[in-house]
Protein chains: 2
Amino acid sequence: MAANLNIDKLDLQIIQHLMQDANISYADLGKKLFVSPGTVHVRIKKLQDNGIVNGTRLHVDLKKLGYDVIAFIGIYLEKSSLYDTVAKELRKIPEIVRMNYTTGNYSIFAELVCKDIAQLRSVLHDQMQKVKGIERTETFISLEESLNRSVQVTVEE
Amino acid sequence: MAANLNIDKLDLQIIQHLMQDANISYADLGKKLFVSPGTVHVRIKKLQDNGIVNGTRLHVDLKKLGYDVIAFIGIYLEKSSLYDTVAKELRKIPEIVRMNYTTGNYSIFAELVCKDIAQLRSVLHDQMQKVKGIERTETFISLEESLNRSVQVTVEE
DNA sequence: ATTGAAAGAGTCTCAGT
DNA sequence: ACTGAGACTCTTTCAAT
């Protein structure tokens with residue numbers, strides 16, 4: 001794992017650009033990095049074959065689509081060995097978009113996206129309540145998302 | 001805000017597909033949804049003009065790039081009115097990729113991505129320690145990310 | 001609003017360096 | 001390993017419905 005084999009500065013620069021805008025053409029990206037479009041193509045193909053890049057995803061303004069509520073849920077389990085079975089059940093709830101098994105207070109840290117508070121309430125009370133193994137939960141509703149960016153993989157010079 | 005004007009089922013289906021794979025061609029997407037490539041194009045253009053879709057982003061396997069540590073930080077502020085100034089300072093730390101102003105225990109909920117535990121320690125002790133207005137922090141290190149997906153914007157039938 | 005076809009732009013391959 | 005040019009595919013426009 002992690003084996004950073006053969007990833008040079010050009011690869012990282014390509015990744016850095018495409019993480020912000022994957023729609024830029026190989027020609028334009030090549031101009032910025034002083035290489036030919038063919039070279040950009042070869043590098044991206046290598047990164048795809050490596051599994052380092054996994055395709056591209058549309059970036060959507062969820063508020064404009066009516067999804068106004070982002071919430072984080074800290075989940076306490078009755079026993080931490082229940083992690084796998086609880087995670088499997090929670091995965092079935094479509095509003096849950098992310099789950100991490102974490103150190104610290106909570107066993108599972110989840111993020112969910114809902115249209116409104118009523119839907120959030122329904123997920124918490126109707127759906128999560130039914131999952132066996134959850135002791136209790138703590139909910140943090142996001143009032144404002146002040147930052148959401150990609151990691152910086154290149155070094156400044 | 002949110003004004004869902006003129007977003008129909010086809011728009012949502014297009015968004016749903018492109019959130020998973022933004023590289024599919026308009027032709028192939030049109031085939032799946034039983035419309036022409038031209039129609040797909042017109043709809044996507046409308047969604048871009050609306051600001052509902054904001055371009056595409058490369059999806060990267062951070063572990064393979066050597067970023068092994070994802071951590072969540074709950075931040076207590078001395079006064080919650082300090083939110084803006086603290087957020088502005090934290091934004092300068094490149095390892096911090098996300099910040100939300102939340103209800104509940106913490107004032108700010110941040111996510112950060114590091115190469116290793118040593119780097120995490122350095123961010124927590126050297127960089128965040130210097131920011132005025134932070135009372136204390138709680139760190140949750142992700143041992144496993146068991147889910148990371150897009151919201152579901154279409155209804156099953 | 002959707003279509004089909006034509007024009008324009010981008011991706012991908014490959015022989016040469 | 002990079003390049004440039006050609007072949008191919010996709011995006012984009014537009015007149016017609």
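These values consider heavy atoms only, across backbone and side chains, with no hydrogens, waters or symmetry-generated copies.
- Of the inter-residue distances, the one linking A:Leu112 atom CG with A:Ile93 atom CD1 reads 8.5 Å to the nearest 0.5 angstrom.
- Applying the salt bridge (Lys or Arg N to Asp or Glu O under 4.0 Å) test to residues at least two apart or on different chains, none of the pairs has a partner in residues 123-135 of chain B.
- Classification of the B:Phe140-B:Phe109 ring pair by plane angle, with boundaries at 30° and 60°, yields parallel.
- Residues forming a side-chain hydrogen bond (donor to acceptor under 3.5 Å, both in side chains) with A:His17 (at least two apart in sequence, or on another chain): none.
- Bounding nucleotides for the chain A contact on DNA chain C, 5' to 3', at a heavy-atom distance below 4.0 Å, are C:dG10 to C:dT13.
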For each nucleotide in nucleotides 2-17 of chain D, reading 5' to 3', give B when a protein heavy atom comes within less than 4.0 Å of its base, S when such contact involves only the sugar-phosphate, and - otherwise.
-> SB------SSSB----

For residues 78-86 of chain A, run the donor-acceptor check on the side chains, cut-off 3.5 Å, and write out each pair with its distance to 0.1 Å, sequence neighbours left out.
residue	atom	partner	partner atom	Å
A:Tyr83	OH	B:Ser146	OG	2.7
A:Thr85	OG1	A:Leu82	O	2.9

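- Side-chain atoms of B:Thr103 come within 3.5 Å of backbone N or O of A:Ile141 as a donor-acceptor pair.
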Side chains of residues 31-44 of chain A: which donor-acceptor pairs under 3.5 Å do they make with residues two or more places apart or in other chains?
residue	atom	partner	partner atom	Å
A:Ser36	OG	A:Gly38	N	3.4
A:Ser36	OG	A:Thr39	N	3.2
A:Ser36	OG	A:Thr39	OG1	3.2
A:Arg43	NH1	A:Asp8	OD1	2.8
A:Arg43	NH1	A:Asp8	OD2	3.1
A:Arg43	NH1	A:Asp11	OD1	3.0
A:Arg43	NH1	A:Asp11	OD2	3.3
A:Arg43	NH2	A:Asp8	OD2	3.1

